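Okay, structure first, notes after.
All values reported here derive from a predicted model rather than from experimental measurement.
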Amino acid sequence: MTDRYTIHSQLEHLQSKYIGTGHADTTKWEWLVNQHRDSYCSYMGHFDLLNYFAVAENESKARVRFNLMEKMLQPCGPPVDKPDES
């Protein structure tokens with residue numbers, strides 16, 4: 001019983017500390033937004049991958065970084081309206 005409690009409390013701690021881990025009420029849209037933003041951050045953080053994108057798109061590295069940051073605002077479009085539970 002104590003193992004289950006400690007695992008549950010560890011999971012709650014991770015979910016409160018890191019947004020991308022999700023929880024039971026995470027919607028598909030929220031999960032996809034987290035995945036896209038994590039990917040864009042990874043692309044910007046790995047210098048060689050950023051260089052590859054710049055060469056492939058025939059753009060400067062600064063322009064590619066700017067475009068990735070712009071995409072991070074709403075990577076999956078506007079949020080979906082939740083249906084009323086009335």
Side-chain angles (χ1 to χ4, degrees):
M1 184 68 179
T2 59
D3 290 336
R4 180 180 284 175
Y5 178 72
T6 57
I7 290 172
H8 185 66
S9 64
Q10 289 173 354
L11 184 61
E12 284 181 349
H13 175 70
L14 277 176
Q15 290 169 346
S16 66
K17 190 173 180 183
Y18 302 108
I19 296 172
T21 55
H23 50 81
D25 296 328
T26 302
T27 64
K28 180 180 177 182
W29 183 83
E30 291 171 337
W31 184 80
L32 284 172
V33 166
N34 286 332
Q35 292 296 315
H36 280 84
R37 286 183 177 157
D38 287 346
S39 297
Y40 294 146
C41 285
S42 177
Y43 300 156
M44 286 190 292
H46 291 89
F47 185 71
D48 293 332
L49 197 51
L50 191 66
N51 284 338
Y52 174 76
F53 287 150
V55 169
E57 295 177 5
N58 196 22
E59 294 281 351
S60 68
K61 291 181 281 186
R63 173 57 64 183
V64 171
R65 183 177 286 119
F66 176 77
N67 289 340
L68 289 173
M69 289 179 72
E70 285 286 317
K71 288 180 184 178
M72 286 177 63
L73 291 176
Q74 284 190 339
C76 299
V80 181
D81 293 333
K82 294 181 182 179
D84 293 333
E85 295 181 12
S86 302

Report task. Taking all non-hydrogen atoms of both residues into account, name the closest pair between Ala54 and Val64 and its distance. Result -> CA-CG2, 3.6 Å
Query raised in the report: Listed by chain and number, what are the side chain to side chain contact (heavy atoms under 4.5 Å, CB included) partners of Ser42, not counting sequence neighbours?
Result: His46
Report summary line: Heavy atoms of Met72 and Pro75 approach each other most closely as O-CD, 3.5 Å
Query raised in the report: Tyr43 and Tyr52: same hydrophobic cluster, using ILVMFWY side-chain contacts below 4.5 Å?
Result: yes
Query raised in the report: Is there a donor-acceptor pair closer than 3.5 Å between any side-chain N or O of Arg37 and the backbone N or O of Leu73?
Result: yes
Query raised in the report: What about Val33 and Met69, same hydrophobic cluster or not, with Ile/Leu/Val/Met/Phe/Trp/Tyr joined at side-chain heavy-atom distances under 4.5 Å?
Result: no
**Report entry** Smallest separation among heavy atoms of Trp31 and Thr26, with atom names
**Finding:** N-CG2, 3.9 Å
Report task. Search all heavy atoms of Leu68 against all heavy atoms of Tyr40 and return the closest pair with its distance. Result -> CD2-CD2, 3.7 Å
Query raised in the report: In Å and rounded to the nearest 0.5 Å, what is the CG to CH2 distance from Asn34 to Trp29?
Result: 9.0 Å
Requested in this report: Indicate the atoms forming the closest heavy-atom contact of Arg65 with Leu50, along with that distance.
Outcome: NH2-CD2, 2.9 Å
